[in-house]
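Side chains are part of it too, since the values below use all heavy atoms of this structure and drop only hydrogens, waters and symmetry mates. In what follows, residues are counted from 1 in the order of the sequence shown.
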Amino acid sequence: MIELSGVTVRYGGAVAVEEVSFTAPSGEVTGLIGPNGAGKSTTLRLIAGLERPSSGAVTINGLRYGDLPNPGTTIGVLLDAEWAAPSRTAREHLRWMAAAIGLPDGRVDAALELVGLQDVADRPVGGFSLGMRQRLAIAGAVLGDPPVIVLDEPVNGLDPEAIAWIRSSLRSLADEGRTVLLSSHLLTELEQTADRIVALHEGRVVADAPLSELVEPAPPGRSGLEELYFRLTSDDGAAAPVRDPASAPPPGVVRRSVAAEARKALTSRGFRAALGGALGVAVAVAVVVGVFAAVFRDASVTTAAYGAGLVGGALVAAAGALLIGLDREHGTLALTRILLPRPLLGYGAKALVAGVAGAAVGLLSAVLTALIALVTGLRSPGAEFLHLLVSVPVAGALLAALGLAVGHLVPSTTAAVGVVLGWWFLVEAIAVPAVPFGRAVAAWLPATSAQFATIGVPAHTVTWSPWVSLAILAAWTAAATSVAAWNTARS
C-alpha cells in the first residue's frame, strides 16, 4: 500500500504539490491523472524517494522510503525509460540493477524473456527504439518481484500487442494482492485497467474514488474517464513478477552498493576508455624514454614513469569525473538512488570502486614501465623500482577519487572533464609556473604533487621527498571528497 498524508513540496516560493493525501491500496490498480504541471511527476518522485516533502509523509507498506531495508524488493519503479546508459547492453543494465538489489544473474535472463528482449539482450541500449527502452524499464521495475509497482506512462511507445500485455499483467499483479499505481495520459487505456482514480490539478487532489463512482456516461466520441478528466480540470474544450522462490536472502546494503557500482564501472565505456588511455600513455612514454635514453640525461626507471605521472594521472582523474558524470547524465544515478536510497553510502561505494580501478591501472602502468626499463637497459635501482611500484598505484587511487569529487561538484560531465584537464595542463603546467615563486606554489598543488610522487622531486624545485608529495595529493583528495560527501548528504 502507498499512502500520502498531507504532503506539500515547495521549491523556494513555488508550490509543486499542496496538502496531497491519498491511498493506493493493495489489490487494486490506482490511476493517477492530471494535466501537465498538475504535480504528477513530483508525486511519483516523492513515492520513489527522489524528492523529500516539505511537510507531510509518504509511506510504502507503512514505512518511509528511506527505512525500507531493500527498496528493490519492495517497490518497482518506472519513471523514465531513458534512464539507461546508451553504451550499455540491456543485459548489462539489468545486471547492475540486480547487483543493487542483491539478486542472481538468472533473474536478469528471466526479466528479459518476460518483456520480450531476450533476442536483443546484448545490443547497446542506444540503438533501441522507444518501445524497446520502455520494455527494458518495465523489466527493471519487476526485477525484484516487488509487492508495490509504480509506473509513469508505462505504455508510451509500445505497440498494441504490448499494450494489451501490460494491461493484463497489471491486472494480474493487482489480483495477486499487489499495489499498482500508474500515471497515464491515455485515458481510454487507463479506463480499462484502473480500479480507482486519483486526479491532480494545480498541485491538489481534486478526485479520489473508485472508477465506478467517478465515471459517468460520456458524450459520443469520448470515454467516461476522458469526460471526468476534462470536467475536473476545467479544460474541456507490468508486468508479471519475476519469481525465484529458491534464491538466498540478498546481501547487506554495503555489499549491494559496492557490487552495483562495480558493475556500472566495468560496463561504462567512457570510464574504461579514460583508464585505457592512461595506461597507453604510460607505456608509450616509457618506450620513448627507454629507446632514446641517451637524449634524457641521467634517465632511470622513474624517468620512464613520466607518462604515468603527468598525462596518465590526468586521464585517471578524468576517468573518476566520467564515472559519476555519465551516471548522472544517463539517469542511472537517479535509478541507483531509487534502489539504494542512501546517497552517502552510494558515493562511498563509487569512491571505493574508482580508487580500486585507479590503483589497478597505476600498478599495471608501474609494472609495465619497470619491465620496459629493464628491457631497454635504463638504470633501475632497487629503491626507485620499489618506489615506482608503491607510489604510482597509490597516486592512481587518489587521483581517481579526486576526479570523482570534481565530477560530483561540477554538474556537467563535459565541464568536469574540462576542469580536470584544464587544471592539469593550463593552470599548473603554464599559469602557475609563470608567476613569481610559481614553481614553489605548484609543488603544493595536486597535479604537480602527483608528478613529484611518481617520478621523484627535482632537487631545484623543493627539498622534500616524493612521499611528502604523495601526502599533499592525499590531502587534496581528502578535502575534495569531504566537500562532495557533505554535498551528497545534504541532497
Can you list the steps and then say if Arg107 with Ile101 is a side-chain contact (heavy atoms from CB on, under 4.5 Å)? CA-CA 11 Å; Arg107 296 284 281 272; Ile101 303 173; over 6 Å; no
Sidechain N-carboxylate O distance under 4.0 Å for Glu92, Arg269: yes
Would you mind checking if Arg133 and Asp80 are paired as a salt bridge, meaning a charged N to carboxylate O distance below 4.0 Å? no
Would you give the length of the straight line joining atom [atom1] of [X] to atom [atom2] of [Y], rounded to the nearest 0.5 angstrom?
X: Leu32; Y: Asp208; atom1: CG; atom2: CG; value: 10.0 Å
X: Leu46; Y: Ser41; atom1: CG; atom2: OG; value: 11.0 Å
X: Leu44; Y: Leu181; atom1: CG; atom2: CG; value: 6.0 Å
X: Met97; Y: Lys264; atom1: CE; atom2: NZ; value: 10.5 Å
X: Thr73; Y: Asp145; atom1: OG1; atom2: CG; value: 9.5 Å
X: Thr43; Y: Ile2; atom1: OG1; atom2: CD1; value: 11.0 Å

Taking all non-hydrogen atoms of both residues, which atom of Leu94 and which atom of Ala139 are closest, and how far apart? CD1-CB, 4.0 Å
For a quick test of reading the model, state the closest non-hydrogen atom pair linking Ala405 to Thr481 and the distance between them. CB-N, 3.9 Å
Answer yes or no: does atom CZ of Arg171 have more than 12 heavy-atom neighbours from other residues, nucleotides or ligands under 6.0 Å? yes
List the steps, then state whether side-chain contact (heavy atoms from CB on, under 4.5 Å) holds for Trp476 with Leu398. CA-CA 9 Å; Trp476 277 101; Leu398 293 172; over 6 Å; no
Single hit among Asp119, Asp109, Asp105 for salt bridge (charged side-chain N to carboxylate O under 4.0 Å, His left out) with Arg91: Asp109
Give a yes or no answer on whether the side chain of Arg337 reaches the backbone of Leu50 with a donor-acceptor pair at less than 3.5 Å. no
Within the side chain of Arg328, is there an N or O that forms a donor-acceptor pair under 3.5 Å with the backbone of Gly407? yes
Do Pro35 and Lys40 have side chains that get closer than 4.5 Å, going by heavy atoms? no
Is there a side-chain contact (heavy atoms from CB on, under 4.5 Å) between Ile197 and Leu190 once you walk through the steps? CA-CA 9 Å; Ile197 294 293; Leu190 191 59; 4.2 Å; yes
Sorted by chain and number, sequence neighbours left out, side-chain contact (heavy atoms from CB on, under 4.5 Å) with Ala485 holds for Leu344
Ser21 side chain to Ser5 side chain, donor-acceptor N/O pair below 3.5 angstrom: no
Run the numbers on Trp424 and Leu399 for side-chain contact (heavy atoms from CB on, under 4.5 Å), then give the verdict. CA-CA 12 Å; Trp424 243 253; Leu399 289 172; 3.5 Å; yes
Tested for side-chain contact (heavy atoms from CB on, under 4.5 Å) against Tyr347, the lone hit among Glu261, Arg342, His408 is His408
